[in-house]
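Report on the following structure.
Worth saying up front: this structure is predicted, and the values here are computed from it rather than measured. Counting starts at 1 for both ligands and their atoms, following the listed order.
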Amino acid sequence: MAFDRPTKKYPMPEQDPKVRATNFDEVALGYSLELAMKEAERCLDCKKPACMQGCPVEIDIPGFIRFIKAGDIDSAINKIKEKNALPAVCGRVCPQETQCEGQCVLGKKGEPVAIGRLERFAADYELAKGTQNVTVAPPTGKRVAVIGSGPAGLTCAADLAKLGHKVTIFEALHVPGGVLMYGIPEFRLPKRIVQQEIDNLKKLGVEIKTNIVIGKCLTVDELLEEEGYDAVFVGTGAGLPNFMGIPGENLNGVYSANEFLTRTNLMKAYLFPEYDTPIKVGEKVAVLGAGNVAMDAARTALRLGAKEVYIVYRRSRNEMPARLEEIHHAEEEGIKFMLLTNPTRIIGDENGWVKAMECLKYELGEPDESGRRSPVPIPGSEFIIEVDTVVVAIGQSPNPLVPRTTKGLEVGRKGNIIADENGKTTREGVWAGGDIVTGAATVIKAMGAGKKAARAIHEYLMSK
Ligand SMILES: Cc1cc2nc3c(=O)[nH]c(=O)nc-3n(C[C@H](O)[C@H](O)[C@H](O)COP(=O)(O)OP(=O)(O)OC[C@H]3O[C@@H](n4cnc5c(N)ncnc54)[C@H](O)[C@@H]3O)c2cc1C
Ligand code: SF4
């Protein structure tokens, strides 16, 4: 007899698009216990679970889903936490469609199990309860410095602390969390959630020192040679914004996405003047690019009061790198997509403020080295659109400060630190992982790198 298994995911309750486009509250509201248990019922509990091959931190997915099915959420979260230190974050921001859910067998005939939503549910349940159940090994007497408190650094620190090492994180900004705090907006990833996950790490004994820029206040060499650290992990990310290199990029009203989002998220400019940091957004905003960063900047501009917001992207919809759910949410909120289009110059008024942008139309050619079809400009297709704000979101590069100030730390052509598959760099005692090694990637890949490096650092410390 065929079991009546729904072919679609149970929908997750969301804020209405019209309402949410005017506030910074979280868009997706999360499953209830009842919905989570129903969704968990859809899982086939496969003998050879394909989903797990898609998870960079190797979560036992059918294992935790089995517990949700039985209503035992405490055991579900413990199962997840064996592998993932930030499940409330990953459940919200992982591109599941290309990872676990992309591999789930149910996806062949219908929709895959909503693994991300279930992970989020279990993590939120634990955060709401305010307790956590993790054991820490007895102290080993070894000390590790972790540079950067993004997902790579936080994961590496958590795993090393659980193994009994004394870990200190050094963070340049005044708040830990990396992109989770300054980049990804409140309406996708509430800062309260990130803060709670960070507080849980502190309970493992991890010390976090903020406002310390390594390479300026202290160097990696000093940490190893003078401050008595036995090993260092570099997780400094790719926070250096790329620009187009077109005329007019220095006009008033042109932001890097990094600045735009940092003002809004980290400095809470959307609550100005209650918070001191201002942000100026006009009525017509063009966001250049189509990754997650571009979607976040566009949706932020809308919430800051812009009347029209355009995503300007030189390829087509199929090539857009953002998470599917974010593209869908952006469309629902009224963001307009100007595809196969690229600006050639930004035009200013007599006072140096943006007033328009000249663009060129594109068509798709042969695949390029990224495997995506290349954008080819159509000669003579120039046109002008009126805009008063431009946000450049065409990618970020690794910050060069740590490599430049560390002896023997080799970097690649694009400034990324060279490391093997376990994060070992060319400098003895130094590991690296996350965006500083790979270039801008994903939260979970950064976490996977932090985890592998922690394993390798542990072996190194115990053999010393
Ligand atoms: C706006 C935006 C949206 C995104 N959305 C998604 C998404 O939906 N899903 C997804 O999977 N990924 C997303 N990403 C990508 C993801 O956030 C990154 O891949 C991930 O954060 C990389 O982690 P990391 O730990 O390597 O670096 P980061 O998160 O960049 O953290 C690096 C930290 O190091 C600190 N640092 C840098 N230099 C120094 C120094 N010299 N001394 C001390 N500290 C230093 C920085 O201040 C920062 O806190 C997004 C990125 C952005 C910018
Ligand atoms: S592949 Fe899909 S159905 Fe099978 S165990 Fe994983 S989540 Fe469940």
Among all protein heavy atoms, pick out the one at the shortest distance from [atom]; state its residue, atom name and that distance to 0.1 Å.
atom: atom 41 (N) of ligand 1; result: Ile214 O, 2.9 Å
atom: atom 9 (N) of ligand 1; result: Val93 O, 2.6 Å
atom: atom 26 (O) of ligand 1; result: Asp435 N, 2.9 Å

Answer with side chain, backbone, both or neither: which part of [X] has a heavy atom less than 4.0 angstrom from an atom of ligand 1?
X: Val402; answer: side chain
X: Glu326; answer: neither
X: Ile212; answer: backbone
X: Met181; answer: neither

Taking only heavy atoms of [X] into account, list the atoms of ligand 1 that are under 4.0 Å away from them.
X: Ile184; answer: 3 (C), 4 (C), 5 (N), 6 (C)
X: Phe170; answer: 43 (C), 44 (N)
X: Ala152; answer: 25 (O), 26 (O)
X: Leu173; answer: 47 (O)
X: Ile147; answer: 42 (N), 43 (C)
X: Leu261; answer: 1 (C)
X: Val443; answer: 10 (C), 11 (O), 12 (N), 16 (C), 17 (O), 19 (O)

Arg427 vs Leu224, side chain to side chain contact (heavy atoms under 4.5 Å, CB included): CA-CA, chis, key distance, verdict: CA-CA 11 Å; Arg427 168 79 191 268; Leu224 286 168; 3.8 Å; yes

Shortest reach to atom 48 (C) of ligand 1 by a heavy atom, considering only Glu171, Lys216, Met295, Arg404: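 Of the listed residues, Glu171 has the closest heavy atom.
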
The one among Val179, Asn399, Ile444 that brings a heavy atom closest to atom 51 (C) of ligand 1: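 Looking at heavy atoms only, the winner is Val179.
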
So is [X] touching ligand 1 or not, going by heavy atoms under 4.0 Å?
X: Arg188; result: yes
X: Pro151; result: yes
X: Gly235; result: yes
X: Ala441; result: yes

Any pair counted as salt bridge (charged side-chain N to carboxylate O under 4.0 Å, His left out), so long as it reaches residues 443-454, sequence neighbours left out: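 The answer is Asp159-Lys451.
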
Nearest-0.5 Å distance, CD of residue Glu227 to CZ of residue Phe170: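 If we round to the nearest 0.5 Å, Glu227:CD and Phe170:CZ are 7.0 Å apart.
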
Rounded distance (nearest 0.5 Å) linking atom CZ of Phe67 with atom CD1 of Ile73: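 Interatomic distance, Phe67 CZ to Ile73 CD1, rounded to 0.5 Å: 10.5 Å.
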
In the protein, N/O/S atoms that are found under 2.8 Å from atom 8 (Fe) of ligand 2, waters not counted: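 The answer, once waters are left aside, is Cys43 SG.
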
Salt bridge present between Arg117 and Glu39 (N-O < 4.0 angstrom):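 Glu39 and Arg117: not salt-bridged.
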
Sidechain N-carboxylate O distance under 4.0 Å for Arg303, Glu333: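 Yes, Arg303 and Glu333 are salt-bridged.
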
Backbone or side-chain N or O of Asp296 under 3.5 Å from ligand 1 N or O: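 Between Asp296 and ligand 1 (N or O atoms, distance only) the closest approach is not under 3.5 Å.
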
Sidechain-backbone polar pair: Tyr31 side chain, Tyr10 backbone, donor-acceptor under 3.5 Å: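 Here the side-chain-to-backbone pair exists.
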
Main-chain N/O of Asp25 paired to Gln15 side chain as donor or acceptor, under 3.5 Å: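 Judged by distance alone, yes, a pair lies under 3.5 Å.
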
Minimum heavy-atom distance between Glu101 and Lys9, given as atom pair plus value: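 Shortest heavy-atom contact: OE1-NZ, 2.8 Å.
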
Option from Met320, Arg314, Glu319 for which side-chain contact (heavy atoms from CB on, under 4.5 Å) with Ser316 holds: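 Among Met320, Arg314, Glu319, the one meeting side-chain contact (heavy atoms from CB on, under 4.5 Å) with Ser316 is Glu319.
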
[X] and [Y]: side chain donor to acceptor below 3.5 Å:
X: Gln396; Y: Asp435; answer: no
X: Asn84; Y: Glu119; answer: yes
X: Glu410; Y: Thr426; answer: no
X: Asn200; Y: Gln196; answer: no

Ring geometry between Phe24 and Phe187 (parallel below 30°, tilted from 30 to 60°, perpendicular above 60°):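 Because their plane-to-plane angle lies in the 30° to 60° range, the rings of Phe187 and Phe24 count as tilted.
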
